[in-house]
Asker: 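Have a look at the structure that comes next, please.
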Amino acid sequence: MAGIYIETYGCQMNEYDSELVKTILHENHHDLHGAEEDADVILLNTCAVRENAFNKIFSRVGNLKHLRRSHKVKVGILGCMAQNIKNKLLENPNIDFCVGPDNYRELPELIQKSLGKTKNESSTRLSKEETYSDVQPTREDSINAWIAIMRGCDNFCTFCVVPFTRGRERSRSVESIVSEATQAVKEGKKQVTLLGQNVNSYKNGEDDFCTLIEAVSEVKGLQRIRFTSPHPKDFPDHLLHLIAQKENICKQIHLPLQAGNTEVLTRMKRDYSREEFLHLAQKMRKLIPGVSLSTDIIVGFPGERDDQFEDTASLMEEVRFDSAYIFKYSPREGTYALKHYPDDVHEDEKKRRIIKLNEMQRKHTTESLSRMLGLECEVLVEREETHLSKEQCQGRTDQGTTVVIPQNGSLKCGDQVRVIIKDKTAHVLIGELIS
Ligand code: SAH
Ligand code: SF4
Ligand code: F3S
């Protein structure tokens, strides 16, 4: 039995996968409770989506060198970097083994081998079937249960490494997902977040995402359902009506835009035009009153001219997203864009563009928060104290906005309370309990 310490980077799917890994290792009698300093093996569950994700891991591996020397700790790389650049990782003398996202069942064996000898090993064969649907995750969050409903992505957006690190799309059965959600409620969870690299492309036989989310919404005692990350191409009207009608499906949609110019979208292979995206966003706002829309945007995609960038800015003005994650384009190994489109927008120009959009988004986020002032809403308590004060607790609205409220001494994680919004900061609402 070895002491294992696991650190997770990247998206929520990685968070969930780390929970699966914990179960797999626990079943093999490893101890997962110790601190980093006491571990025999340190696992880094990594992301490959942008260059800075790589840099973070290489510097972390460098930091761990002393533990390898002094305590003979083994270092294993899991996740998307392991899949994407395994050969480069295995050349690194401070990395002992690599395991890709579809091979976690082989981890106990690789750990065993690494403890016995020093040679680097890897297991990174992508699977067409692996969904881990029979592995119950080891959950640590007291409120939310992540549930992966599908894995992989077949879209091959030209900038994106995910189809190469996560492989082909495959979905679990409705029954296994509903049973996992039911189990989560039994364990006291109030919310499930359905996960997939392309979550609304879910397809299992005749069952699509609408069938699934409707079935999950019937789970007794489940207060909130969220899902991420969806693709704009898979939002039939029926799904919007379901979100509007079902009380426990949260009125919060992440709608990744990437770019607001149709020619750029075509070269990104996003499958929608500027007009189609606008139409969808407007329809969401109309059919789902009060819906909160967030997005992802890339600036400086190869060949993006200034006027094309301005189209993204003007689309943001029009939609007024409640929040947005804005990234500079980062060329990725294996992608179509890396092979065919030179990364020709200068770094300074990418910087100018990201600053401009972040500036705009700050205004839109402020507007969105300001609209809540004086209103009443339901808040699900997620933390009994904030990092700033023990006299405050923290939760979220249905739309996913964080609300800080005074701790009256009896508020517990999982309580759902009615709050009036009194004030706001840059990203957070300040509320008061309505007695
Ligand atoms: N499945 C998700 C994407 C996951 S990656 C989806 O389709 O929305 C999360 C975000 O990272 C993407 O939406 C995109 O905005 C950004 N991203 C992906 N590849 C990138 C790259 N090569 N450079 C910069 N940003 C990128
Ligand atoms: Fe990447 Fe596009 Fe798939 Fe999202 S939909 S994971 S951006 S290839
Ligand atoms: Fe990163 Fe892999 Fe998720 S590349 S965003 S950890 S699917």
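Whatever order the structure lists them in is the order used to number ligands and atoms, beginning at 1.
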Asker: Please check whether I297 reaches ligand 1 - meaning an N/O of the residue sits under 3.5 Å from an N/O of the ligand, judged on distance alone.
Answerer: no

Asker: Answer with side chain, backbone, both or neither: which part of V49 has a heavy atom less than 4.0 angstrom from an atom of ligand 1?
Answerer: both

Asker: For H231 and ligand 1, answer yes if some heavy atom of the residue is under 4.0 Å from a ligand atom, otherwise no.
Answerer: no

Asker: Parallel under 30°, tilted from 30 to 60°, perpendicular over 60°: which one fits the rings of H340 and Y336?
Answerer: parallel

Asker: If you take the nearest heavy atom of each of C11, G152, C157, S201, which one is closest to atom 2 (Fe) of ligand 2?
Answerer: C157

Asker: For atom 19 (N) of ligand 1, what is the nearest protein heavy atom, given as residue, atom name and distance?
Answerer: F159 CD1, 3.3 Å

Asker: Please work out whether any backbone atom (N, CA, C, O) or any side-chain heavy atom from C-beta onward of F327 is under 4.0 Å from ligand 1, and answer side chain, backbone, both or neither.
Answerer: side chain

Asker: Between E180 and R139, is there a salt bridge with N-O shorter than 4.0 Å?
Answerer: yes

Asker: Show me which atoms of ligand 1 lie under 4.0 Å from any heavy atom of Y329.
Answerer: 23 (N), 24 (C)

Asker: How does R166 reach ligand 3, if at all, at less than 4.0 Å between non-hydrogen atoms: by side chain, backbone, both, or neither?
Answerer: side chain

Asker: Answer yes when K328 and E51 have at least one side-chain N-carboxylate O distance shorter than 4.0 Å, and no when they do not.
Answerer: no

Asker: With ring-ring contact (aromatic ring centres under 6.0 Å, His included) as the rule and sequence neighbours excluded, what pairs involving residues 124-176 come up?
Answerer: F156-F164

Asker: For the pair E36 and R60, find out whether any cationic side-chain nitrogen is under 4.0 Å from an anionic carboxylate oxygen.
Answerer: yes

Asker: Who's the nearest protein heavy-atom neighbour of atom 10 (C) of ligand 1, and how far?
Answerer: D296 OD2, 3.4 Å

Asker: Among all the protein's non-hydrogen atoms, which is closest to atom 14 (C) of ligand 1, and how far away is it?
Answerer: Q258 OE1, 3.4 Å

Asker: What residue and heavy atom of the protein are closest to atom 1 (N) of ligand 1, and at what distance?
Answerer: Q197 O, 2.5 Å

Asker: Kindly confirm or rule out an N or O of R50 lying under 3.5 angstrom from an N or O of ligand 1.
Answerer: yes

Asker: With a sphere of 6.0 Å drawn around NZ of K269, does it hold more than 12 non-hydrogen atoms of other residues, nucleotides or ligands?
Answerer: yes

Asker: Look at E359 together with R362 and state whether they make a salt bridge at an N to O cut-off of under 4.0 Å.
Answerer: yes

Asker: Any idea which atoms of ligand 1 are less than 4.0 Å away from a heavy-atom of P256?
Answerer: 8 (O)

Asker: Find out whether S229 and Q12 are in side-chain contact, i.e. whether some heavy atom of one side chain is under 4.5 Å from a heavy atom of the other.
Answerer: no

Asker: Can N198 be said to touch ligand 1, with heavy atoms closer than 4.0 Å?
Answerer: no

Asker: Answer yes or no for C80: is there an N/O/S atom below the 2.8 Å cut-off from atom 2 (Fe) of ligand 3?
Answerer: yes

Asker: I'd like to check which ligand 2 atoms, numbered from 1 as shown, lie under 4.0 Å from a non-hydrogen atom of F156.
Answerer: 8 (S)

Asker: Do the charged groups of R168 and D154 touch, with an N to O distance under 4.0 Å?
Answerer: yes

Asker: Test of understanding: given a 4.0 Å heavy-atom threshold, classify the contact between F159 and ligand 2 as side chain, backbone, both, or neither.
Answerer: side chain

Asker: Hey, does the side chain of N248 reach the backbone of L222 with a donor-acceptor pair shorter than 3.5 angstrom?
Answerer: yes

Asker: Considering only non-hydrogen protein atoms, determine which one is nearest to atom 1 (Fe) of ligand 3 and report residue, atom name and distance to 0.1 Å.
Answerer: C47 SG, 2.3 Å

Asker: T124 and K86: side-chain hydrogen bond (donor to acceptor under 3.5 Å, both in side chains), yes or no, with the steps?
Answerer: CA-CA 8 Å; T124 56; K86 111 181 142 192; 3.2 Å; yes

Asker: Using a strict cut-off of 4.0 Å, indicate which atoms of ligand 2 neighbour a heavy atom of H231.
Answerer: 5 (S)

Asker: For ligand 2, indicate whether the residue P163 contacts it via side chain, backbone, both or neither (heavy-atom separation under 4.0 Å).
Answerer: side chain

Asker: When you check the gap from the basic side-chain N to the acidic O, do E349 and R352 get nearer than 4.0 Å?
Answerer: yes

Asker: Output the list of atoms in ligand 2 that are nearer than 4.0 Å to some heavy atom of C153, sorted by atom number.
Answerer: 3 (Fe), 5 (S), 6 (S), 8 (S)

Asker: Begin with the C-alpha distance, continue with both residues' side-chain angles, and end with the deciding distance and a verdict on side-chain hydrogen bond (donor to acceptor under 3.5 Å, both in side chains) for E169 and N198.
Answerer: CA-CA 8 Å; E169 282 180 22; N198 211 350; 3.1 Å; yes

Asker: Look at atom 26 (C) of ligand 1 and say whether a protein heavy atom is found at less than 4.0 angstrom from it.
Answerer: yes

Asker: So which heavy atom in the protein is nearest atom 4 (C) of ligand 1, and how far is it from that ligand atom?
Answerer: V162 CG2, 4.6 Å

Asker: So, does K269 sit close enough to ligand 2 that a heavy atom of it is under 4.0 Å from the ligand?
Answerer: no

Asker: Does ligand 1 have an atom under 4.0 Å from some heavy atom of K328?
Answerer: yes

Asker: Who passes ring pair (Phe, Tyr, Trp, His ring centres under 6.0 Å) against F227, sequence neighbours left out?
Answerer: F209

Asker: For F301, is the NZ or CZ atom of R267 found under 6.0 angstrom from the centre of its six-membered ring and inside 45 degrees of the ring axis?
Answerer: no

Asker: Around atom 21 (C) of ligand 1, find the nearest protein heavy atom and jot down its residue, atom name and distance.
Answerer: S330 O, 3.5 Å

